[in-house]
Amino acid sequence: MEKRPEDNPTASQDPSLDVVRETSDEVIARRQGMFGVLGTGDTSGYGGLVRQVEMPGATAPPYGGWMDDVTAALTAATRDGGLDAAIEKVVVHRGEITFFIRREHIAAVAKLLRDDEDLRFELCSGVSGVHYPGDTGRELHAVYHLLSMTHNRRIRLEVAAPDADPHIPSVVATYPTADWHERETFDFFGIIFDGHPALTRIEMPDDWPGHPQRKDYPLGGIPVEYKGGTVPPPDQRRAYN
Amino acid sequence: MGIEEKLPSGVLLTTVEGVAGYMRKASFWPATFGLACCAIEMMTTGGPKYDLARFGMEVFRASPRQADLMIVAGRVSQKMAPVLRQIYDQMPDPKWVLAMGVCASSGGMFNNYAIVQGVDHVVPVDMYLPGCPPRPEMLIDAILKLHDQVQHTKLGVNRLAEIEAHEDAALKALPTGQLKGLLR
């Protein structure tokens, strides 16, 4: 039987309350072994390890506490705004709630979240990027952390875009603080935020090729010379998987 | 620089060298170039406990035009490198560079695409100071060793001969990876 946060009315960080699933549809990768050279004798004893990399599945309501209020208010607001398909799924994990939003609706949903009386998420404290190379068709995720100072609530939004078409609408019109965060996410992950006033690199030099925080971006580095020996840079040493 | 560079080698030149070296080392103003955690140790060095004022160096100049020494304190990112070079170019001669900490000296723990692997790729370095970060005592030690270099800086024809000798030695030096023997 699944344990849910409603067993504990105050949303808890207790890991024993995590929703545990035997299987998930959303396995994005399968990792084998731990350390050692592939194909040759592995003496570490960890060669038989198999680990599934899976995305969290949707959590079934009720979520407990204020999370149900927020979900109800958001659902009602999106229905009234004609955005029925906006919410893809809701995940509650370790007492934190994440709304997965379909990318074409994120700008409208952000406006609702800020302006609706029952939501009032006035502050967007950051836009982050995540790269899941194994999550085919939804490789790039943008994650928004919102705070409602009126109600003292924090939620998270997540939007996915395919690597082949890395476009996500910008929320700068609603949350001006997201301006530099979206530039940073563009700089490091190559997500193009449509409607951003000036989407240019912010951390790396302007002429930098590539987006360094993607999983397939090489770490770089130079061989280090010691007396009597040379050590290659980290990603050119022997492989650990 | 001036007329002292035109003097013929001999007693006159060495005397002028000694005087000029003493003046330069006794009035040695650093530029602020704190880039990371080493800057905290650098600021502490200028504070009352370690008291860089003992050596007439407590005034960290915010303007490179008034500075003689650039203490590169911290890792230099690829984006900061042109800025660092511009600050260096804006300093009037004679000028010295002290690479403070392993990151400024060699890239340190950041052996990756984002960090310049040693500030000597961008500017000539006169003194390398290891440590992560080095203690204020180590920075003062490095500065005093640099004072010694400044005191004995040669001028004019002597300087040209010294540069040539350094160049020859550097060309003959064995790369670190090919050195043999004990690790020291």
Side-chain angles (χ1 to χ4, degrees), chain A residues 35 126-131 133 139-140 163 166 179-191 196 198-241, chain B residues 33-37 72 74-89 99 101-125 128-133 169-184:
Chain A
F35 301 109
V127 180
S128 315
V130 198
H131 186 213
E139 286 92 350
L140 296 163
D163 199 1
D179 186 331
W180 285 16
H181 293 124
E182 288 188 352
R183 282 177 63 190
E184 188 184 14
T185 310
F186 160 72
D187 191 354
F188 283 150
F189 292 91
I191 301 175
H196 189 284
L199 195 66
T200 50
R201 287 186 183 273
I202 187 168
E203 304 277 6
M204 305 306 293
D206 289 336
D207 54 352
W208 193 265
H211 300 286
Q213 291 289 335
R214 292 196 181 197
K215 297 281 185 201
D216 49 8
Y217 192 90
L219 182 62
I222 55 167
V224 180
E225 285 192 347
Y226 295 95
K227 188 172 181 181
T230 303
V231 176
D235 57 355
Q236 287 169 34
R237 296 176 200 160
R238 65 173 184 169
Y240 292 107
N241 270 337
Chain B
F33 214 89
L35 293 169
C37 32
V72 183
R75 75 282 180 282
V76 182
S77 65
Q78 304 277 3
K79 194 168 180 176
M80 186 54 90
V83 181
L84 182 129
R85 180 70 211 195
Q86 186 172 5
I87 298 282
Y88 177 80
D89 288 341
V102 282
C103 301
S105 302
S106 73
M109 61 191 279
F110 302 107
N111 192 4
N112 60 30
Y113 63 86
I115 302 294
V116 175
Q117 299 299 307
V119 73
D120 48 6
H121 287 260
V122 188
V123 293
V125 176
Y128 297 90
L129 170 59
C132 187
L171 286 172
K172 284 184 195 126
L174 207 59
T176 317
Q178 293 171 21
L179 292 176
K180 299 276 184 265
L182 296 172
L183 287 172
R184 63 192 155 119

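Computed from a predicted model, the values in this text were never measured in an experiment. Here is the naming used below: chain letters follow the sequence lines, and residue numbers restart at 1 for every chain.
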Interface residues of residues 74-81 of chain B facing chain A - heavy atom cut-off under 4.5 Å = B:Gln78, B:Lys79

ask   = Do the side chains of A:His131 and A:Gln213 get nearer than 4.5 Å, heavy atoms only?
value = no

ask   = Side chain, backbone, both or neither: which part of B:Pro82 has a non-hydrogen atom closer than 4.5 Å to chain A?
value = neither

query = Side chains of B:Asp120 and B:Tyr128: closer than 4.5 Å at any heavy-atom pair?
reply = yes

task = Considering only heavy atoms, give the residues of residues 201-208 of chain A separated from chain B by less than 4.5 Å, sorted numerically, with 'none' for an empty result.
result = A:Ile202, A:Glu203, A:Met204, A:Pro205, A:Trp208

inquiry  = Quick one: does any side-chain atom of A:Glu182 pair with a main-chain N or O of A:Ser128 as donor and acceptor, under 3.5 Å?
reply    = no

key: Closest non-hydrogen atom pair between B:Asn111 and B:Gln117, with its separation   = OD1-OE1, 3.4 Å

inquiry  = Using every non-hydrogen atom in the two residues, find where A:Gly220 and A:Pro233 come nearest and quote the distance to one decimal.
reply    = O-CB, 3.7 Å

task = Return the minimal non-hydrogen interatomic distance between A:Pro212 and B:Tyr113, and the atom names on each side.
result = CB-OH, 3.0 Å

key: Short side-chain to backbone donor-acceptor contact, A:Asp163 and A:Leu140, under 3.5 Å   = no

message = Using a 3.5 Å distance criterion without hydrogens, assess whether the side chain of B:Gln178 forms a donor-acceptor pair with backbone atoms of B:Thr176.
response = no

query = Closest heavy-atom contact between B:Val119 and B:Ala99?
reply = CG1-CB, 3.9 Å

request  = Report yes or no: does A:His211 contribute a side-chain atom to a donor-acceptor pair with the main-chain N or O of A:Asp187 at less than 3.5 Å?
outcome  = yes

